[in-house]
2 protein chains.
Amino acid sequence: MLSIGEFSRLTHLTVRTLRRYHDAGLLEPAVVDDVTGYRWYSVDQVPTAQVIHRLRELDVPLADVRAILRTPDPGARGRLVAGHLQRLEAELDRTRAAVASLRRLLRPDPAPVAVELRAEPARTVAAVSAVVDQDDVAAWFAGAVAELVAAVGGAATGPLGGTYDDALFEQGRGRALVYLPTPVPPRAGRVQPVTLPAAELAVTTHVGDHDTADVTYGGLGTWVVGNAMAVDGPVRERYLVGPEDSPDPAAWRTEIGWPVFRVG
Amino acid sequence: MLSIGEFSRLTHLTVRTLRRYHDAGLLEPAVVDDVTGYRWYSVDQVPTAQVIHRLRELDVPLADVRAILRTPDPGARGRLVAGHLQRLEAELDRTRAAVASLRRLLRPDPAPVAVELRAEPARTVAAVSAVVDQDDVAAWFAGAVAELVAAVGGAATGPLGGTYDDALFEQGRGRALVYLPTPVPPRAGRVQPVTLPAAELAVTTHVGDHDTADVTYGGLGTWVVGNAMAVDGPVRERYLVGPEDSPDPAAWRTEIGWPVFRVG
DNA sequence: CTGGACCCTCCCCCCGGGGGAGGGTCGATG
DNA sequence: CATCGACCCTCCCCCGGGGGGAGGGTCCAG
């Protein structure tokens, strides 16, 4: 039996942290003296403590650590951990994108975004639409695109596009729609004909990873406000060059259009 | 002038977050109506908001973001940001090490650490020693080693070693000492002759990156407790294969010795 | 038996926000 | 001119994963 201090020295976890893990049901001491409240740990608990330590270094929440520890089957446990490793990799990607974007932002005098005003006529397209959470939008998007491509096939007359409610960005949940223009929009599964209304669009093209699009969005916003206009209606995007066209995010090109109207 | 809601839409920062940045002195609205308290932002503030957004994505603390924004000189600002990017890279390394270590830990039935009991005689060596913070120990170590190598040169009769007070791990601050064994320890700058006392050591060898050493430490602890012994005195390490010998962390070998005595 | 090291619980603090209450302000409409 | 809904304000409490410290009990070696 080891006192909490001795156990702390063996595991490099602070005494405080060990007490917290006890309270959280993560690492119960082998014995708790019910008179003095002293915690006594067994040597066998050292490896468990080390697993916890590692998982915490990876910012795995305590609740998830608990779930992992309570999964006895090594295979299932491995899958749980693999999920977190995947999350970490996604985070690394995000970090890299943020670094790249930051470097561009900090360049003195960034080139202002080139914006064009364009009157867009109403168009009927093949579309998949749903109300989604911001976190799920990437997965939803992938599925919707696959279904669209299967339904429209080679009959597409233009690049893939999408529209997104403001609420998706502001409340984290809103309507998203992806479409392919085609002469006779089919009806298959979630794919429906949808008529995009006519609109006057302030249009610009974002080059690069989609994670850095908000810089372009901001430039567009600056232009819109600077030209005494305001925005009404969901944002429209068209994916001129995307992941399926080029593996290099730097080559991606996304056309972004905001429906605007003149004010003042 | 943009209301906080409009500004929020342009920057993809929530209204709440903008108010917080105002309170924190990070992003003052261009105008605050002193009757109604309404915040009004200028279009020019959009780029600033985006820089903040990027920095926050990199988990730069608000105080540091403020410091960066208040540094007008682009060069100095670039250096500040570079510091954070360096921190990020270090963190990535740490993450990778944790992932690797975790994989090993989760392998069923990890090989127990091979421990040897060894009586170490007292030895006088050339050493550099200081009380340091855990966060600074890496930088201090590098400088001390450089000074040692310069003073001892080719006269070293064994690998580089170090000793570390328990307090360094427990309180985050304690005495660290690095040494090179040599027949006639010189006295130069911070380099002094120091006599390491005789001790009985429980010795094992850690293979791999030093960040994963606590697993080996834990194994050593298990062995010590399991053999009815206890630890007294600073931990000793000897760097048999280190970064200067091999670029591959997997090849590094560190001998870890705990001064022990028999109990019970 | 006494001192110091060790252990206990409890409360408040940190960061970077989110949720929601309760109330004031704005501008388009009737 | 009133009214209504959208917008904005402040204030307080919540989260996770701990750290700092107060105030008090326990253990063991000298």
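The structure presented is a predicted model; accordingly, all values stated were derived computationally and were not measured. First the proteins, then the strands, lettered A, B, ... as listed; each starts at 1.
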Requested in this report: Identify, between A:R56 and A:T36, the residue whose nearest nucleotide on DNA chain D lies closer to the 5' end.
Outcome: A:R56

**Report entry** OP1 or OP2 of D:dG19 under 4.0 Å from side-chain N/O of A:T14
**Finding:** yes

Report summary line: By nearest-nucleotide position on DNA chain C, the 5'-leaning member of B:R16 and B:P61 is B:P61

Just how far, in rounded Å, is [atom2] of [N] from [atom1] of [X]?
X	N	atom1	atom2	result
B:D33	D:dT10	CG	P	11 Å
A:L13	D:dG17	CG	P	14 Å
A:M1	D:dC27	CE	C1'	18 Å
B:E57	C:dG17	CD	P	11 Å
B:R20	D:dC15	CZ	P	16 Å

**Report entry** Smallest separation among heavy atoms of A:Q45 and A:A30, with atom names
**Finding:** OE1-N, 3.3 Å

Requested in this report: Sequence neighbours left out, what passes ring pair (Phe, Tyr, Trp, His ring centres under 6.0 Å) with A:H84? Give chain and number order.
Outcome: none

Look for any protein N or O under 3.5 Å of an N or O in nucleotides 5-8 of chain D and output each such pair with its distance, or none.
from  : atom 1 : to   : atom 2 : distance (Å)
D:dC8 : OP1    : B:S3 : OG     : 2.8
D:dC8 : OP1    : B:G5 : N      : 2.8

Query raised in the report: Under a 4.0 Å N-O cut-off, is there an ion pair linking B:E57 with B:R54?
Result: yes

